[in-house]
Novice: 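Attaching a single structure in structure tokens format; questions to follow.
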There are 2 protein chains.
Amino acid sequence: MAMNEYIRQLLSSGEHDFLPSLSVDCVILGFHENQLKVLLLKHRYMDIWALPGGFIYKDEPTDAAAMRVLRERTGLNEIFLRQFYIFGEPERSQREFHIRDLEKDGINVNDDHWILQRFVTIGYYALVEFSKVNLLPYTIAEKSMWWDIHDLPEFMLDHRKILDKAIETLRIQLNYQPIGYNLLPEKFTLTELQNLYETILDKNLDRRNFQRKIISYQILRRLNEKKKGVPHKSPYLHSFDIEKYNDALNKGFNAGW
Amino acid sequence: MAMNEYIRQLLSSGEHDFLPSLSVDCVILGFHENQLKVLLLKHRYMDIWALPGGFIYKDEPTDAAAMRVLRERTGLNEIFLRQFYIFGEPERSQREFHIRDLEKDGINVNDDHWILQRFVTIGYYALVEFSKVNLLPYTIAEKSMWWDIHDLPEFMLDHRKILDKAIETLRIQLNYQPIGYNLLPEKFTLTELQNLYETILDKNLDRRNFQRKIISYQILRRLNEKKKGVPHKSPYLHSFDIEKYNDALNKGFNAGW
DNA sequence: ACAAAAGTGTTACTTTTACACCCATGA
DNA sequence: TCATGGGTGTAAAAGTAACACTTTTGT
């Protein structure tokens, strides 16, 4: 079985290849059918789910490691990726977790094996365009799947906490940064953008006020094109003015003081 | 020489005691004479300065490690401490740095010694009440000193980048969080608080507007007491309503959306 | 023709900004 | 008594919030 082979390989070469004690975990968020989705991997023996994560090569920047994990899972490159927190509690449970799993794999490891050591994990979140993602096969997990943010399964270890922290961070950043590029398709309607905001904030916004405000940021271009095939009046399509969008990402809105 | 002894000890027991590849660095900020100050340690052979940093014990939460570093340097406990970024580039220069220094110490280490490996560092910032700090002797540095944020020396490695990132983070957080507790004495004037804001933001604020806004947050109590011995009209003293202050820390101001 | 989302403006209210005078104190 | 920072209010401007009707489209 490929998975088993993969694990054996990882276990034997990992100590040599990877930074010890450190991992990355990615909260990969996509937007689909007006709902925010997160990509999770199923544990190989239990019906619990984990964030896609991985280790860091000894000469690899941590950001690059997170990007690599992302690429491995989604096939996407150059997506929006940002570290948001480090989870550095000594998690005792991880140890028992691994031992139990490896036993079921028919693999024995020494008690001081690197995989059993404590890991500090760097949390990254990524915003991806749902429609562009092809879930790639992966050897370490049985299955990967998008989950609605409002309807989540049981999580492995503290991964629920990591996800919650990512969304909390995103919610705060919404107040001084634009969002949407990488989460929405190239062309989108203002209502779609508003739905994204509403989903992240988990509250309703007034349509006209939302439009006025978002337009005042000057990061949008209204196209001479309307969305076709929708059951009602055709809305205008918009796209981001990527230069101004990136400007806004750097400078931020709402100085406050 | 105590420093040398300390280093030998650290080098020999470190691999056993500490998480490999990971360190913490603390940006310790204090406020004094209306200026924001940062605590730096002098390198033992060169006239360059470093952030106080340290390693993480194998069973120690990363936050606790940062707190410990802080305590070792300032004698303070229970201060405001927050992780703000991870610096995870493979920094090649560190290696040559250590080799050169240890040579001067008359210490030889193997090429694969743990101290020569790549370290990912977790950046923490701390806000401390300047007047309460007693700079404690420390064996690894020749000298420690408060530096004005606007007048800084040459830094070791990428520590300048870490400091800049800490201040940038602080500046952003000022827009949705209160600040001042732990940086100001128990009783302070509104002007002192305003000076703190002005220093962090690096710009001037209107006195009346500042007061109106800060009072509207309802985190302050005006005391029936005035500051004495100042060369002009005695200003009222204020203190934080710590319950409301902490509430505000959790909930945040300026929702924006 | 009907149901449903899209487009659009105005008014009241709140918040922010800009600005100036008198007062209290120590030197 | 003088110099200096402290205390205080208001008016104009900007921004935010609340709200409703007409248009367009697919069915």
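All values below were derived from every heavy atom in this structure, side-chain atoms included, with hydrogens, water molecules and symmetry-related copies excluded. For clarity, every value in this text was computed on a predicted model and none was experimentally measured.
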Novice: Using heavy atoms to find the nearest nucleotide of DNA chain D for B:Pro235 and B:Pro231 separately, return the residue whose nucleotide is more 5′.
Specialist: B:Pro231
Novice: A cation-pi test, strictly: NZ or CZ of B:Lys213 under 6.0 Å from the centre of the six-membered ring of A:Trp257 and no more than 45 degrees from its axis. Yes or no?
Specialist: yes
Novice: With a non-hydrogen cut-off below 4.0 angstrom, is A:Ser216 in contact with a base, only sugar-phosphate, or nothing?
Specialist: nothing
Novice: Between the base of C:dA20 and the side chain of B:Arg208, is one N or O donor paired with an acceptor at under 3.5 angstrom?
Specialist: yes
Novice: Compare the minimum distances between each of C:dT8, D:dC19, D:dG7 and the side chain of A:Gln211, then state the nucleotide with the smallest one.
Specialist: C:dT8
Novice: Without decimals, in angstroms, what is the distance between B:Ile215 CD1 and D:dG7 C1'?
Specialist: 11 Å
Novice: Counting heavy atoms from C-beta on, name the nucleotide in D:dT23, C:dT8, D:dG7 closest to the side chain of A:Arg222.
Specialist: C:dT8
Novice: Quick check: any donor-acceptor pair below 3.5 Å linking the side-chain of A:His232 to the base of C:dA5?
Specialist: no
Novice: Ignoring the backbone of A:Arg212, work out which of D:dA17, D:dT24, D:dG5 is nearest its side chain.
Specialist: D:dA17
Novice: Answer yes or no: is there an ion pair linking A:Glu192 with A:Lys227, defined by an N-O contact shorter than 4.0 Å?
Specialist: yes
Novice: For the side chain of B:Asn209, counting heavy atoms from C-beta on, which of D:dA17, C:dT17, D:dG6 is nearest?
Specialist: C:dT17
Novice: Would the distance check show the side chain of B:Tyr85 and the main-chain N or O of B:Ile162 forming a donor-acceptor pair, the cut-off being under 3.5 Å?
Specialist: no
Novice: At under 4.0 Å, does any side-chain N or O of A:Ser234 touch on OP1 or OP2 of C:dA5?
Specialist: no
Novice: Mark yes or no for a side-chain to base donor-acceptor pair under 3.5 Å between B:Arg207 and C:dT17, with no hydrogen or angle criteria applied.
Specialist: no
Novice: Determine whether the aromatic ring centres of residues B:Phe188 and B:Phe240 are separated by less than 6.0 angstrom.
Specialist: yes
